[in-house]
Amino acid sequence: MSEERFSRVKMEGRFPRRALSTIDFGDVAGIGIPYLSHAPERVESAPVFRDLLHTVPNYPVDEFPRIWRERLESLGKPLHFFDHHDMHAYTGFVLSGYDEALVLTSDYGAYSCPVTAGAYHVRRGEITRLAGASMSEHVALAGLYTDVTALLGFSPCKHEGKITGLAAHGRPSRECREQVWELHRRIRSAEHNFYGWVGFFDEEIPPFYEPNRHLVQRYRAELPFSDADIARAAQDLLEEKLLAVAQWLEQTQGTALPLILSGGVFANVRVNLELARVGFSKVFVAPPMGDDGLSIGAAAAAAHQEAAASGASPAAAFPLSMALGTTPGEGTEVRLKELGIVFSRPDDPAGALAAHLAQGESVAVVRGRQEFGPRALGRRSILSSAADPVVNERLNASLQRTEFMPFAPVLRAERVDEVFDLSGIPSDVGDCLPFMTMCLPVRPRIRDTAPAVVHVDGTARPQAVSGGADPFLHRLLASYEERTGIPLLINTSFNIHDEPLVSDLDDALAAFFAAQLDVLYLDGGFVVELRDNAPLARMAKLLRRGSDGVAKQRHRALNLSFGRQMVDGAGRFTEWPDGDPDLPAP
């Protein structure tokens with residue numbers, strides 16, 4: 001589990017003391033670290049990357065921060081250090097269960113890592129880099145998407161997924177693509193930083209990545225295109241460049257081996273679809289593709305390293321499941337009674353929930369071990385009918401979200417071919433489907449029967465559930481289809497905007513009443529209906545009044561003012577535009 005599930009701070013970046021407190025360190029032989037202990041030698045970018053990326057003059061590879069090492073050493077266990085991108089490759093590999101694979105990695109870069117992207121050949125206990133994009137020579141490809149995220153008014157390194165959704169609404173344009181790519185080059189070579197980390201090593205303040213809003217305004221004004229067209233340009237550029245690397249890999253290594261995608265860039269479900277069209281035998285995306293997933297790769301690499309040193313065979317593959325976190329805990333019935341919450345315990349919970357869903361109600365579920373990684377996969381999810389075309393607007397309003405992509409569908413694995421058209425995808429993508437990591441073309445009839453999960457480009461990003469992997473959710477889907485004839489439901493994460501996924505019982509109750517959802521299902525078969533708890537629902541709504549965003553507006557204005565002072569000179573603490581004849585000079 002990520003630290004954010006314990007601290008309740010979205011994208012928590014402080015040392016994970018709460019998460020580590022749940023571990024019995026008597027069972028721990030060592031700790032795998034997905035960073036090298038010292039800055040490595042610089043590497044040259046491989047030719048395949050050299051022509052795809054902007055150059056950066058003599059950029060340093062920073063050492064692993066001393067304060068991080070001190071905190072890790074305080075745990076009192078042997079530390080095993082590994083290259084960051086090697087571990088992205090290894091995370092995807094051990095989660096795939098394959099014996100041998102090719103891997104593409106790409107992210108924003110990392111401490112003590114000489115590359116920001118790479119192509120690898122991986123076997124158990126053996127990682128070979130075939131090509132890399134040098135941190136010291138070229139701007140990370142991820143930086144393009146991050147720049148555009150900031151340019152369009154969103155938070156970089158946080159809201160890139162919104163750009164992916166918005167891109168489908170834009171028009172392809174060579175002119176826009178060229179201007180976005182050139183502006184990206186200028187941003188990365190400018191005198192003033194476009195954004196930076198705040199509170200990065202602070203134990204009190206969770207770090208965040210903050211753009212210079214004054215520069216955002218300046219640069220955005222230079223692009224005479226709509227937000228959607230700019231997002232489309234960024235998406236087209238990303239796909240074009242990653243396809244070039246995949247095609248190079250195809251030409252030099254062949255397509256017989258599976259292709260694995262790992263690293264934060266591959267949270268982009270649309271890119272993953274395009275790479276699946278290249279024609280490798282299989283394509284698998286690491287379910288926790290970002291840096292949180294590195295914990296799995298580093299732990300596996302350390303274990304395999306220990307086995308090799310002792311002459312033992314490397315350990316078997318990691319279990320292919322993301323249900324790795326804590327359970328909601330004991331005492332649900334006592335807690336519900338203590339809070340005066342009315343509940344029921346139906347004999348057939350899956351059937352009862354399916355009946356609510358068939359009536360158009362939204363059902364939040366909290367059951368079993370929570371999922372690791374960015375996706376809610378039915379254990380900390382909100383389920384709803386996909387037949388209502390306006391359900392996205394209604395749920396987004398309840399959860400205080402702004403999204404350009406519809407919610408994802410969840411369906412039984414045996415219904416995939418009926419719902420999705422896989423005829424244009426030569427790679428086997430079946431191993432991606434349980435984890436919602438790739439969008440797929442939807443068959444025309446589904447656009448009519450389940451419009452709420454189909455994007456404007458005719459795709460959806462599914463989670464396919466087998467009876468063996470999740471019997472409860474599989475039964476619920478079957479029961480819903482029996483009632484409605486529709487083989488899928490909406491599945492979105494159970495959290496309020498800018499809050500982490502709910503973790504325990506109290507998180508679930510707070511989010512349920514705040515969002516005013518219809519039904520809450522809790523581990524142990526407990527069902528809470530909003531209509532049976534009207535006084536509590538009204539109280540929860542009352543307690544959340546008054547949050548008009550003033551603090552956020554003031555923070556934005558302060559950032560803009562400091563940006564003006566930093567770029568234009570001292571004394572610029574006003575919002576007066578330059579050269580306005582109707583305003584006095586600052």
Side-chain angles (χ1 to χ4, degrees), residues 2 11 13 33-36 40 43 45-46 48-49 52-54 56 59-62 64-65 82-93 95 102-120 122 127 129-150 155-161 163-164 184 188 195-197 200 207 209 234-235 237-239 241-242 245-246 249 259-272 275 284-298 301 373-374 437:
S2 297
M11 298 188 75
I33 312 297
Y35 300 88
L36 296 173
V43 301
S45 289
V48 64
F49 288 107
L52 297 176
L53 306 174
H54 288 309
V56 57
Y59 193 84
V61 179
D62 293 324
F64 187 69
F82 301 98
D83 178 272
H84 186 85
H85 271 261
D86 283 4
M87 291 303 97
H88 271 311
Y90 213 54
T91 295
F93 176 71
L95 287 175
L102 301 171
V103 187
L104 285 182
T105 68
S106 183
D107 70 4
Y108 197 68
Y111 281 106
S112 67
C113 185
V115 300
T116 61
Y120 296 82
V122 185
I127 307 165
R129 186 193 301 146
L130 304 172
S134 172
M135 165 82 80
S136 304
E137 294 181 349
H138 291 100
V139 177
L141 182 56
L144 164 70
Y145 226 79
T146 304
D147 287 355
V148 169
T149 301
S155 297
C157 290
K158 184 176 183 180
H159 290 151
E160 278 76 0
I163 306 305
T164 307
H184 167 54
R188 293 294 162 158
Y195 30 49
W197 283 103
F200 197 60
Y209 208 43
Q235 183 67 26
L237 284 163
L238 187 68
E239 290 177 14
K241 293 176 186 300
L242 285 171
V245 181
L249 201 55
L259 176 67
I260 296 170
L261 308 175
S262 189
V265 166
F266 299 109
N268 190 308
V269 292
R270 179 72 201 193
V271 159
N272 299 342
L275 295 176
F284 177 75
V285 183
M289 66 290 292
D291 282 2
D292 52 349
L294 290 166
S295 56
I296 292 174
T437 55

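Side chains of Ile127 and Tyr120 form a contact here, defined as non-hydrogen atoms less than 4.5 Å apart. The shortest side-chain heavy-atom distance between Phe82 and Leu294 does not fall under the 4.5 Å cut-off. Contact check for Asp291 versus Pro34: no side-chain heavy atoms found under the 4.5 Å cut-off. Counting heavy atoms from C-beta on, the side chains of Val139 and His184 come closer than 4.5 Å. Looking at heavy atoms from C-beta onward, Tyr195 lies in side-chain contact with Asp147 at the 4.5 angstrom threshold.
To the nearest 0.5 angstrom, His88 atom NE2 is 14.0 Å from Ile260 atom CD1. We find the CD-OG1 distance between Glu160 and Thr149 to be 3.5 Å, quoted to the nearest 0.5 Å. Between the CD1 atom in Ile33 and the CZ atom in Phe64 there is a gap of 6.0 Å [rounded to 0.5 Å]. To the nearest 0.5 Å, the span separating OG1 on Thr116 from NE2 on His84 amounts to 10.0 Å. If you take CG on Leu259 and CG on Leu249, they are separated by 6.5 Å, rounding to the nearest 0.5 Å. Residue Arg270 holds its CZ atom at 10.5 Å from OG1 of Thr164, rounded to the nearest 0.5 Å.
Tyr35 has its ring centre no less than 6.0 Å from the ring centre of Tyr111.
Contact between Asp83 and Cys113 at its shortest, heavy atoms only, is OD2-SG, 3.7 Å. Scanning both residues, Asp107 and Gly264, for their nearest heavy atoms gives CB-N, 3.9 Å. Taking each heavy atom of Gly109 and Met135 in turn, the nearest pair found is CA-CE, 3.7 Å. Nearest heavy-atom pair, Thr437 versus Pro287, reported as atom, atom and distance to 0.1 Å: CG2-CA, 4.2 Å. Taking every heavy atom of both residues into account, Ala119 and Leu104 meet most closely at CB-CD2, 3.9 Å. Closest non-hydrogen pair, Pro288 versus Gly373, comes out as CB-CA, 4.0 Å.
With no hydrogens or angles considered, a side-chain donor-acceptor pair links Gln235 and Asn268 at under 3.5 Å.
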Check the pair His54, Arg188 against side chain to side chain contact (heavy atoms under 4.5 Å, CB included), reporting the backbone distance first and the verdict last.
CA-CA 9 Å; His54 288 309; Arg188 293 294 162 158; over 6 Å; no
Between Leu141 and Phe49, does the side chain to side chain contact (heavy atoms under 4.5 Å, CB included) criterion hold? Intermediate values first, please.
CA-CA 10 Å; Leu141 182 56; Phe49 288 107; over 6 Å; no
Side chain to side chain contact (heavy atoms under 4.5 Å, CB included) evaluation trace for Leu261 with Met289
CA-CA 8 Å; Leu261 308 175; Met289 66 290 292; over 6 Å; no
Evaluation steps, side chain to side chain contact (heavy atoms under 4.5 Å, CB included), between Val43 and Arg129
CA-CA 12 Å; Val43 301; Arg129 186 193 301 146; 4.1 Å; yes
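With hydrogens and angles disregarded, a donor-acceptor distance shorter than 3.5 Å links the side chain of Thr91 to the backbone of Gly293. Thr105 contributes no side-chain N or O that, together with a main-chain N or O of Gly263, makes up a donor-acceptor pair within less than 3.5 Å.
Relative ring orientation between Tyr209 and Tyr108 is described as perpendicular, the plane-to-plane angle rising above 60° on a 0-90° scale split at 30° and 60°.
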